[in-house]
Amino acid sequence: MVKTKHTEAKPFVKWVGGKTQLLGDIEKYLPKDFAHRNITYVEPFVGGGSVLFWMLRTFPNISHAVINDINPKLINVYRAVKESPTELISLLQTLENEYLPLDAEHRKAMFLAKRQLFNSNEINAMEQAALFVFLNRTCFNGLYRENLKGLFNVPHGKYAKPMICNEDTIMADAELLQKVEILNGDFASTAAFAGENTFYYFDPPYKPLSSTSSFNNYVKENFDDTEQIRLKEFCQYVAAKGSEFILSNSDVKSHNPENDFFDNLYSDYTIHRVWASRMVNSNAEKRGKLSELMISNVKQTAYRNLFDK
Ligand SMILES: C[S@@+](CC[C@H](N)C(=O)[O-])C[C@H]1O[C@@H](n2cnc3c(N)ncnc32)[C@H](O)[C@@H]1O
């Protein structure tokens, strides 16, 4: 691939559920003429944005994009990257210069002090954004998890040389974000954009494979089966308005052959099963390849797999 300044555009945080390894599958199931249309791209559960930045890099014909996430602190970082990237870089540089030379004990003390400051709400939006990135880069596994009071509570991680200030990524992301409208709310707040030239990619918190398995506590609100059903109704709504969509979710049937939850819920749509390695499970034995679902109303895909129904 030719290296342009957009090559560097990628997630500025680590985020559970990142879709980097599914990009090839998403590309296969996009509408056939996707690269040649004037498209509005909508991502109601943007998370770390691995799909967003890939889409914006790969399809310059996307004239307008809309992203949303329910997490206000994450969305605050998107806004900071879009509106004041150099100010954000300068704050991150200061944090990096302070953190990296410290020994393990002092790094931990600095992490805990910054985590407390982040949770205190006594800082302005730009400082909040810089601390979000700092904590994400220095916490355990790059997780974002809140307790019931909505406070970030992930412990310190032990990376030798974490990349706290990635200037090239932030500048490249800032440029691509100029055509992106940034919303903070429930996924249904993207309803107003449904229409014929709008494409939706949904990546909701996955339905857990079992009651103890998957991580889906991104925020204090839970995404349970009632939410999965409400999301299916939303897909029906955007489809009725003429939008095409792809939605990812876990393949609960591959774990328990009698679990037809998604096969029944999305029986009106095409369900593709794709393979992905999942790294969320802390038990190394349970990491490995799992099938996932890609559900869609796209009739003519860019690539038609002969083995698909
Ligand atoms: C699986 S992650 C998205 C991962 C993303 N595609 C990536 O590559 O990093 C799901 C996201 O949905 C958000 N979320 C949870 N409930 C939501 C809701 N009701 N409406 C909008 N976003 C929600 C979470 O904050 C989380 O960032």
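Note that this is a predicted model, so its numbers are computed, not measured.
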Should the pair Lys114 and Phe134 be classed as cation-pi, given the thresholds of under 6.0 Å to the six-membered ring centre and 45° from the axis?
no
Report yes if some heavy atom in the side chain of Cys165 is under 4.5 Å from a heavy atom in the side chain of Ile89; otherwise report no.
yes
Answer yes or no: is there a side-chain heavy-atom contact under 4.5 Å between Leu30 and Ile246?
yes
Val238 vs Thr198, side chain to side chain contact (heavy atoms under 4.5 Å, CB included): CA-CA, chis, key distance, verdict:
CA-CA 9 Å; Val238 303; Thr198 301; over 6 Å; no
Do Leu22 and Met294 come close enough that some side-chain heavy atom pair is under 4.5 Å?
yes
Within the side chain of Lys82, is there an N or O that forms a donor-acceptor pair under 3.5 Å with the backbone of Val180?
yes
Taking every heavy atom of Ala174 against every heavy atom of Gln178, the minimum-distance pair comes out as O-NE2, 2.8 Å
Does any part of the side chain of Asp225, heavy atoms only, come nearer than 4.5 Å to the side chain of Lys207, both counted from C-beta?
yes
Report yes or no: does Asp203 contribute a side-chain atom to a donor-acceptor pair with the main-chain N or O of Leu247 at less than 3.5 Å?
no
Determine whether Asp251 and Tyr206 satisfy the following criterion, side chain to side chain contact (heavy atoms under 4.5 Å, CB included), listing intermediate values before the conclusion.
CA-CA 9 Å; Asp251 187 2; Tyr206 280 13; over 6 Å; no
Can you confirm if the aromatic rings of Tyr144 and Phe132 lie within a centre distance of less than 6.0 Å?
yes
Shortest non-hydrogen pair, Gly150 vs Lys73, comes out as O-NZ, 3.9 Å
Less than 6.0 angstrom separating the ring centers of Phe187 and Phe202, yes or no?
no
Run the salt-bridge test on Arg273 and Asp263 with the 4.0 Å N-O cut-off and return the result as yes or no.
yes
Is it true that Asn71 and Glu146 share a donor-acceptor pair across their side chains at a distance under 3.5 Å?
no
Does Arg37 come within less than 4.0 Å of Glu244, counting only side-chain N to carboxylate O?
yes
Kindly confirm or rule out a cation-pi arrangement of Lys241 over Tyr200, judged by NZ or CZ under 6.0 Å from the six-membered ring centre and within 45° of its axis?
no
Between Gln300 and Lys32, is there a donor-acceptor pair closer than 3.5 Å when you use the side chain of the first and the backbone of the second?
no
As a quick check of understanding, evaluate side chain to side chain contact (heavy atoms under 4.5 Å, CB included) for Arg145 and Phe152, giving each step before the final call.
CA-CA 6 Å; Arg145 193 187 56 206; Phe152 174 78; 5.9 Å; no
For the student: nearest non-hydrogen atoms of Thr169 and Pro11, plus distance:
CG2-O, 4.1 Å
Donor-acceptor under 3.5 Å (Arg115 side chain, Val154 main chain):
yes
Please determine whether the number of non-hydrogen atoms from other residues, nucleotides or ligands lying under 6.0 Å from atom CD of Gln93 exceeds 12.
yes
Plane angle bin for Tyr29 and His272 - parallel if under 30°, tilted between 30 and 60°, otherwise perpendicular:
parallel
CD-CZ distance between Gln128 and Phe118, expressed to the nearest 0.5 angstrom:
4.5 Å
Would you say Glu175's side chain and Ala172's backbone share a donor-acceptor pair under 3.5 angstrom?
no
Test Lys253 against Leu293 for side chain to side chain contact (heavy atoms under 4.5 Å, CB included), laying out the working first.
CA-CA 10 Å; Lys253 196 178 174 67; Leu293 302 181; over 6 Å; no
Measuring from Ile170:CD1 to Leu88:CG, what's the distance to the nearest 0.5 Å?
4.5 Å
Measuring from atom CG of Leu265 to atom SG of Cys235, what distance do you get when rounded to the nearest 0.5 angstrom?
8.5 Å
Taking the basic N atoms (NZ, or NE/NH1/NH2) and the acidic carboxylate oxygens, is any pair closer than 4.0 Å for Glu105 and Lys108?
no
Quick check: does any side chain N or O of Asn297 sit under 3.5 Å from a backbone N or O of Ser243, one acting as donor and the other as acceptor?
yes
Could you tell me which non-hydrogen atom of Pro208 sits nearest to which non-hydrogen atom of Val252, and how far apart they are?
O-CG1, 4.0 Å
Identify whether Phe12 and Tyr159 are in the same connected component of the hydrophobic contact network (ILVMFWY, side-chain heavy atoms under 4.5 Å).
no
Leu151 backbone acceptor or donor facing Asn119 side chain under 3.5 Å
no
Strictly under 6.0 Å, is that where the ring centroids of Tyr269 and Phe245 end up?
yes
Quick check against the 3.5 Å criterion: does Asp186 have a side-chain atom that pairs as donor or acceptor with the backbone of Ala188?
yes
Could you tell me if the side chain of Leu100 sits less than 4.5 Å from the side chain of Pro162, heavy atoms only?
yes
Using only atom types and a distance under 3.5 Å, with no angle test, would you say the side chain of Asn147 pairs donor to acceptor with the backbone of Lys149?
yes
For Asp69 and Asn184, indicate whether the former's side chain and the latter's backbone hold a donor-acceptor pair under 3.5 Å.
no
For Tyr99 and Phe111, I'd like to know if the aromatic rings sit close, meaning centre-to-centre distance below 6.0 Å.
no
Test item: Asn249 and Gln228 side chains (from C-beta on) under 4.5 Å apart, heavy atoms:
yes
